[in-house]
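Working notes for the structure below.
Each ligand, and each atom within it, is numbered from 1 in the order the structure gives. Small disclaimer: the values here were computed from a predicted structure and weren't measured.
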Amino acid sequence: MIKFSSSLPLCASTRVTVIGAGKVGSTLAQRIAEKNLADVVLLDIVAGMPQGIALDLTQARGLEQHDCQIMGTNDYADTANSDVVVITAGIPRKPGMTRDDLMRTNAQIVVEATQRAIAHSPHAILIVVTNPLDVMTYLAWQASGLKSDRVIGMAGVLDSARFQSFIAMELGVAIKDITTTVLGGHGDLMVPLPRYSTISGVPITEIMDTETIERLIKRTRNGGGEIVELMRTGGAYFAPASATSLMVESILYSQSRVVPACAYLQGEYDLKDIFIGVPCRLGCAGVESIVELNLTEAELSALHISAESVRQNVLQAKEMLAAVANVN
Ligand SMILES: NC(=O)c1ccc[n+]([C@@H]2O[C@H](COP(=O)([O-])OP(=O)(O)OC[C@H]3O[C@@H](n4cnc5c(N)ncnc54)[C@H](O)[C@@H]3O)[C@@H](O)[C@H]2O)c1
Ligand SMILES: O=C(O)C[C@H](O)C(=O)O
């Protein structure tokens, strides 16, 4: 009789922990496994739920033809030695809410989840997804004790993908020939850059009139809100999971993709001590470099307005957390 070991083969020596097994977290786990990127540990506070999702995803392995292990858990010890930790834990917004309205609830969740996850994976690279994104990334960085280039927020890849898809829908051109750039905070003040958005190298400013571009920019800024209004019970998760998995892949496989992501600035774009969306080269060290685009006065001013709003919200979030700490 031939005997096999009961343990599943590992697809790679890499492990990604996803904290929060809700819509975004579970879809991200699926993307990572089905692209054969890494083993996944999915953690949530709800008992049984991440275990059930992991089992469901595992039962699809033969059909999807991948070899990644997926584990569901409520215990941070199971996440130990992860290469990448992704925080998706927290509440999503409902119709009529802004992302900033989530700050009070999500700040505490993100800080606690980050501290607990990084305690078990001190060498991990941390990707934050929870909203309000730029504020949560700052808080997670402080809570983690990690060097700033190892902490990254996911938003710019998603916002740029939305701009890209709206341009493709407008012009009927192949999406793979469109490159877009969206900087700034992940909110109404984000800064889509038409001059740095091209179709096969030609800026869209040479292809579409100002009115059309402004309409697509407006739709991009409201890209998440449009879906929240349609779905009524939560937000987008397919495109957010795809955007996060692109970042995970670039980090795990040292691909050095240059994409907009929420990174810590120390003088770039005349901004300091803030996490905000800028083009970054992502590789095994996290943010390997920040690309400084040559912005016009108007573009730079829009980025600074967005940054000022993030800065005010970080201050507010820190005050909230301090008040909670004083009560406890
Ligand atoms: N950055 C972006 O571009 C982007 C895109 C999409 C969603 N988001 C944000 O991501 C977050 C998650 O969205 P979703 O649609 O997956 O929500 P969801 O409600 O489907 O999932 C959130 C999960 O977090 C879990 N959770 C709550 N507190 C926790 C804790 N302390 N520890 C571990 N898990 C905990 C919940 O049980 C739930 O399963 C929201 O804040 C949303 O706004 C951000
Ligand atoms: O819009 C939201 O609340 C979720 C997310 O930030 C998004 O842009 O889809």
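The proximity of Val46 to ligand 1, defined as any non-hydrogen pair under 4.0 Å, is limited to the side chain. For Ile91, every heavy-atom contact with ligand 1 shorter than 4.0 Å involves the backbone, none the side chain. At a heavy-atom cutoff of 4.0 Å, ligand 1 is contacted by the backbone of Ala236 but not by its side chain. Only the side chain of Met49 comes within 4.0 Å of ligand 1, judged by heavy-atom distances. With a heavy-atom cut-off of 4.0 Å, Val24 touches ligand 1 through backbone and side chain alike. For Pro240, every heavy-atom contact with ligand 1 shorter than 4.0 Å involves the side chain, none the backbone.
Under 3.5 Å, the side chains of Gln316 and Asp100 contain no donor-acceptor pair of N or O atoms. Checking Glu288 against Ser256 by side-chain atom types alone, a donor-acceptor pair falls below 3.5 Å. Side chains of Arg93 and Thr98: no donor on one and acceptor on the other come within 3.5 Å. Looking at Thr212 and Asp209, their side chains do bring a donor and an acceptor atom within 3.5 Å of each other. In the model, Ser82 has a side-chain atom that pairs as donor or acceptor with a side-chain atom of Thr17 under 3.5 Å. Of the N and O atoms on the side chains of Asp270 and His304, not one donor lies less than 3.5 Å from an acceptor on the other residue.
The protein heavy atom nearest to atom 4 (C) of ligand 2 is Asn131 ND2, 3.6 Å. Looking from atom 37 (O) of ligand 1 to the surrounding protein, the closest heavy atom is Asp44 OD1, 2.7 Å. At the shortest separation from atom 32 (N) of ligand 1 among protein heavy atoms lies Ile45 CG2, 3.7 Å. Shortest contact from atom 42 (C) of ligand 1 to any protein heavy atom: Asn131 ND2, 3.8 Å. Scanning all protein heavy atoms for the shortest distance to atom 20 (O) of ligand 1 gives Lys23 N, 2.8 Å. From the protein, the heavy atom lying nearest to atom 1 (O) of ligand 2 is Arg93 NH2, 2.8 Å. Counting protein heavy atoms only, atom 12 (C) of ligand 1 is closest to Thr88 O, 3.1 Å. Ranking protein heavy atoms by distance to atom 4 (C) of ligand 1, first place goes to Val129 O, 3.6 Å.
For atom 17 (O) of ligand 1, the nearest non-hydrogen atom from the set Pro50, Gly22, Pro92 comes from Pro92. Selection from Arg162, Met231, Met154 by nearest heavy atom to atom 2 (C) of ligand 1 gives Met154. Selection from Gly90, Gly234, Gly20 by nearest heavy atom to atom 22 (C) of ligand 1 gives Gly90. Of the candidates Thr130, Leu133, Thr233, it is Thr130 that places a heavy atom closest to atom 10 (O) of ligand 1.
Note on Arg257 versus Glu249: no salt bridge recorded, every NZ/NE/NH1/NH2 to OD/OE distance being 4.0 Å or above.
Interface atoms of ligand 1 facing Leu158, defined by a heavy-atom separation under 4.0 Å, are 3 (O). Those atoms of ligand 2 with a heavy atom of His186 less than 4.0 angstrom away are 5 (C), 6 (O), 7 (C), 8 (O). Near Gly224, meaning under 4.0 Å from one of its heavy atoms, ligand 2 places the atoms 1 (O), 7 (C), 8 (O), 9 (O). For ligand 1, the atoms lying closer than 4.0 Å to a non-hydrogen atom of Asn106 are 41 (O). Interface atoms of ligand 1 facing Ile109, defined by a heavy-atom separation under 4.0 Å, are 28 (N), 29 (C), 30 (C), 31 (N).
The side-chain heavy atoms of Asn313 and Met103, taken from C-beta on, include a pair separated by under 4.5 Å. Contact of the Gln142 side chain with the Lys318 side chain is registered, since non-hydrogen atoms from C-beta on lie closer than 4.5 Å. In this structure, Leu133 and Arg99 have side chains that are not in contact, with every pair of non-hydrogen atoms separated by 4.5 Å or more.
Using 4.0 Å as the threshold, Ala236 has a heavy atom nearer than that to some atom of ligand 2.
To the nearest 0.5 Å, the span separating CD1 on Ile217 from CD1 on Ile204 amounts to 6.5 Å. Note that CZ of Arg116 is 5.5 Å distant from CD of Glu112, once rounded to the nearest 0.5 Å. A distance of 13.5 Å separates OH of Tyr237 from OG1 of Thr88, quoted to the nearest 0.5 Å. Here the CG atom belonging to Leu252 is positioned 11.5 Å from the CG atom belonging to Leu282, to the nearest 0.5 angstrom.
The aromatic rings of Tyr138 and Tyr264 are tilted relative to each other, their planes meeting at an angle between 30° and 60°.
Close N/O approach between Arg162 and ligand 2 is found [any backbone or side-chain N/O within under 3.5 Å].
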